[in-house]
Amino acid sequence: MSHRGIMFAYNLSICMKTSVEILGDHSEPEQPTGLNIILSKELAPLESIVAVIRFPDIKNNFRFLIIENDKGQSACFLWQQNIISSPSETGYFKEVMNDLGVTVHHSADSITIINGGIKQFLNAKLDR
């Protein structure tokens, strides 16, 4: 083997790590990362559904509302807290991406999800 080949093999062995070295030694099963499923239902076209939530959970623990259908399409909404405090409105979900055609409204301790123009099975969850 040439000098270059030896150096390449040496450098490659320095960069290579086992999965335990990369991921760490997790002897206990990992806990969920804070997902909170709030809805799992088949909706007719333009049907709406209200999911009850606790506002402190959104404010302190969650940032995104993610909605997915059974065909792999999704929608993502980012929680935006109002800058100026208002007793009637604490914030809203800002649309980031929406392949489903759904609409989301937040009111006090609930989220209303309005389905788009087709029948689809939707899963909605709050995520960090």
Side-chain angles (χ1 to χ4, degrees):
M1 188 182 283
S2 71
H3 177 66
R4 256 188 209 166
I6 293 171
M7 286 304 294
F8 175 74
Y10 175 73
N11 288 339
L12 186 60
S13 68
I14 290 173
C15 295
M16 294 175 63
K17 294 182 179 181
T18 66
S19 61
V20 172
E21 291 172 320
I22 293 169
L23 301 174
D25 182 18
H26 298 291
S27 30
E28 296 180 19
E30 291 187 33
Q31 298 299 317
T33 59
L35 293 178
N36 186 12
I37 297 174
I38 60 170
L39 166 71
S40 189
K41 184 178 184 327
E42 184 169 69
L43 298 174
L46 305 176
E47 180 182 359
S48 65
I49 188 164
V50 176
V52 177
I53 56 162
R54 290 187 54 232
F55 174 70
D57 286 343
I58 292 178
K59 183 178 176 184
N60 299 324
N61 300 322
F62 299 104
R63 296 197 52 200
F64 295 98
L65 172 64
I66 300 168
I67 305 170
E68 300 170 324
N69 69 7
D70 54 351
K71 294 178 178 52
Q73 297 170 309
S74 62
C76 180
F77 297 84
L78 174 66
W79 174 251
Q80 295 287 298
Q81 191 167 349
N82 284 347
I83 296 171
I84 300 171
S85 292
S86 166
S88 63
E89 189 174 314
T90 54
Y92 64 98
F93 283 99
K94 179 179 178 163
E95 183 178 309
V96 176
M97 174 192 74
N98 191 350
D99 294 334
L100 303 173
V102 297
T103 306
V104 173
H105 298 285
H106 170 258
S107 174
D109 287 340
S110 67
I111 298 173
T112 302
I113 299 172
I114 303 169
N115 189 22
I118 62 168
K119 179 179 175 180
Q120 54 189 342
F121 188 89
L122 296 178
N123 288 306
K125 57 193 168 199
L126 294 170
D127 196 1
R128 293 180 184 172

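Fair warning: this is a prediction, and the values are worked out from it, not measured in the lab.
- Between the SG atom in Cys76 and the CG atom in Leu65 there is a gap of 8.0 Å [rounded to 0.5 Å].
- Within the 4.5 Å cutoff, the side chain of Gln80 has heavy atoms near those of the Tyr92 side chain.
- Here Ile67 contributes atom CD1 and Ile111 contributes atom CD1; the two are 8.0 Å apart, rounded to the nearest 0.5 Å.
- Scanning for side chain to side chain contact (heavy atoms under 4.5 Å, CB included) contacts around Ala51 gives Ile38, with sequence neighbours left out.
- Sorted by first and then second residue, the salt bridge (Lys or Arg N to Asp or Glu O under 4.0 Å) pairs involving residues 114-123 (not counting sequence neighbours) are Glu42-Lys119.
- When the side chains of ILVMFWY residues are joined at heavy-atom separations under 4.5 Å, either directly or via intervening members, Leu78 and Ile66 end up in a single hydrophobic cluster.
- Residues that satisfy the side chain to side chain donor-acceptor pair (under 3.5 Å) test with Glu68, not counting sequence neighbours, are Lys125.
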Report, one line per pair, each donor and acceptor closer than 3.5 Å where one atom sits in a side chain of residues 93-102; sequence neighbours left out.
| from | atom 1 | to | atom 2 | distance (Å) |
| --- | --- | --- | --- | --- |
| Glu95 | OE1 | Asn98 | ND2 | 3.4 |
| Asn98 | OD1 | Leu100 | N | 3.1 |
| Asn98 | OD1 | Gly101 | N | 2.9 |
| Asn98 | OD1 | Val102 | N | 3.4 |
| Asn98 | ND2 | Val102 | O | 2.7 |

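- Scanning all heavy atoms of the two residues, the minimum distance from Pro45 to Gly117 falls at CB-O, 3.5 Å.
- With rounding to the nearest 0.5 angstrom, the CD1 atom of Ile114 is 11.0 Å from the CD atom of Glu47.
- The distance from atom CG of Asp127 to atom CH2 of Trp79, rounded to the nearest 0.5 Å, is 16.0 Å.
- Take Ser40 and apply the side chain to side chain donor-acceptor pair (under 3.5 Å) test, not counting sequence neighbours, and it matches Asn123.
- Remark: Leu39 pairs with Lys41, Ile49, Ile113, Ala124 by the side chain to side chain contact (heavy atoms under 4.5 Å, CB included) rule, at least two apart or across chains.
- Formation of a donor-acceptor pair under 3.5 Å by the Asn115 side chain with backbone atoms of Leu43 is found in this model.
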